[in-house]
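Report on one structure; see the data block that follows.
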Amino acid sequence: MAADSMVQLVSFLTAQQPYEIVGTPESEWVDFKSVPPNGPYDLSTHKGKFELAKDVAAFANAGGGLIVCGFKAKKRPNELHEVVEKVTPFDKKVVNTDSYKDVLTEYVRPLLKVKFFWYDHPQGDPEAAGHYFVLEVPALPESEQWALVTRGINDDGQFIKNSWTIPIRNGDTTAFLPPDEVYRLVNDGLRVRHGRAGSAVPAPAADRVKSREDLRAALGMEETPVLFFQSVPDHPRGLVPGMYADGGLRDVLNKQDTLRDANAFNWASVYRRPEPREGEVSP
């Protein structure tokens with residue numbers, strides 16, 4: 001059998017039925033950790049601290065999830081994801097929850113209300129004995145995204161000063177927010193979302209009229225009737241994700257054949273391709 005949800009997995013652990021979890025694949029909501037002698041995360045090293053902070057922040061950025069310690073997962077030749085193949089309960093003394101809290105407090109922003117739980121392996125099992133340790137990571141509200149790790153790490157497993165990274169749980173692995181998205185967040189998204197000084201605001205009506213007249217002049221259409229389609233939100237929430245990415249919105253508008261089906265209008269035509277103007281795209 002396998003657990004198909006966080007609720008079911010926790011119910012198996014609560015009922016001391018860990019073998020029911022064997023066969024469960026890692027996914028966007030669960031990650032399994034076997035336990036070496038120094039615990040699931042060796043917090044005596046920079047690498048161990050980074051891995052803990054990274055895993056927690058990644059789940060927070062992707063809807064929340066569980067980090068379940070005490071199970072060995074392995075990718076089989078015919079499987080897409082790592083799958084639990086063995087229970088590996090362990091002694092509680094290898095995990096100091098206060099140390100885990102200290103690492104998360106120091107290296108994850110914003111502070112997350114991660115919950116820690118211990119579950120017992122059934123007594124009398126000749127094959128295994130010990131406990132299971134679970135970190136329950138809450139989803140980060142959209143208004144507070146994104147969670148970041150306040151240090152990067154090099155190939156030697158050492159922290160890089162004055163660096164940070166934004167991890168995201170992607171299926172059964174962890175990805176990192178690409179530079180173009182970080183650029184968008186820093187320069188537009190966060191300031192607009194939180195209403196900080198310097199946030200983009202809709203132009204006054206008079207300015208919009210002047211902008212349209214300037215555009216007509218630039219196109220040499222001062223005497224030609226023109227119908228403008230213009231959308232300016234009253235409460236902008238930031239730029240569209242992927243605006244500056246390869247294949248993102250800017251590329252789509254500049255390299256399009258159609259934005260809709262054959263019976264709707266196109267922004268592009270054989271007459272004129274869209275051109276960027278003052279940070280916008282104009283046909």
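Here the structure is a predicted model, which means the values were calculated and not measured.
- Counting heavy-atom neighbours within 6.0 Å of Lys92 NZ, excluding the residue itself, gives a total above 12.
- If you run side-chain contact (heavy atoms from CB on, under 4.5 Å) between Ile153 and each of Lys47, Glu51, Lys49, only Lys47 comes through.
- Between atom OG1 of residue Thr45 and atom CG of residue Leu43 there is a gap of 7.5 Å, rounded to the nearest 0.5 Å.
- Atom NE2 of His46 and atom CD of Gln158 lie 5.5 Å apart (nearest 0.5 Å).
- Residue Glu222 qualifies as enclosed at atom CD: its count of foreign heavy atoms under 6.0 Å is above 12.
- Within the 4.5 Å cutoff, side-chain heavy atoms of Leu111 are placed close to those of Thr105.
- Hydrophobic clustering keeps Val95 apart from Leu13 (ILVMFWY residues linked when any side-chain heavy atoms are closer than 4.5 Å, directly or through intermediates).
- Checking each of Tyr41, Tyr100, Phe90, Phe71 against Phe133 for a ring-ring contact (aromatic ring centres under 6.0 Å, His included) leaves exactly one that passes, namely Tyr100.
- Clustering ILVMFWY residues whenever any of their side-chain heavy atoms sit less than 4.5 angstrom apart, transitively, puts Tyr19 in the very cluster that holds Val30.
- Residues Tyr132 and Phe12 place their aromatic rings such that the two centres sit no closer than 6.0 Å.
- Note: the hydrophobic cluster containing Phe50 also contains Tyr107 (ILVMFWY, side chain heavy atoms under 4.5 Å, direct or indirect links).
- Leu52 and Trp146 end up in different hydrophobic clusters when Ile, Leu, Val, Met, Phe, Trp and Tyr side chains are linked at under 4.5 Å.
- At a threshold of 4.5 Å between side-chain heavy atoms, the hydrophobic network of Ile, Leu, Val, Met, Phe, Trp and Tyr places Trp164 and Ile168 in one connected group.
- Aromatic ring centres of Phe117 and His131 lie farther apart than the 6.0 Å criterion allows.
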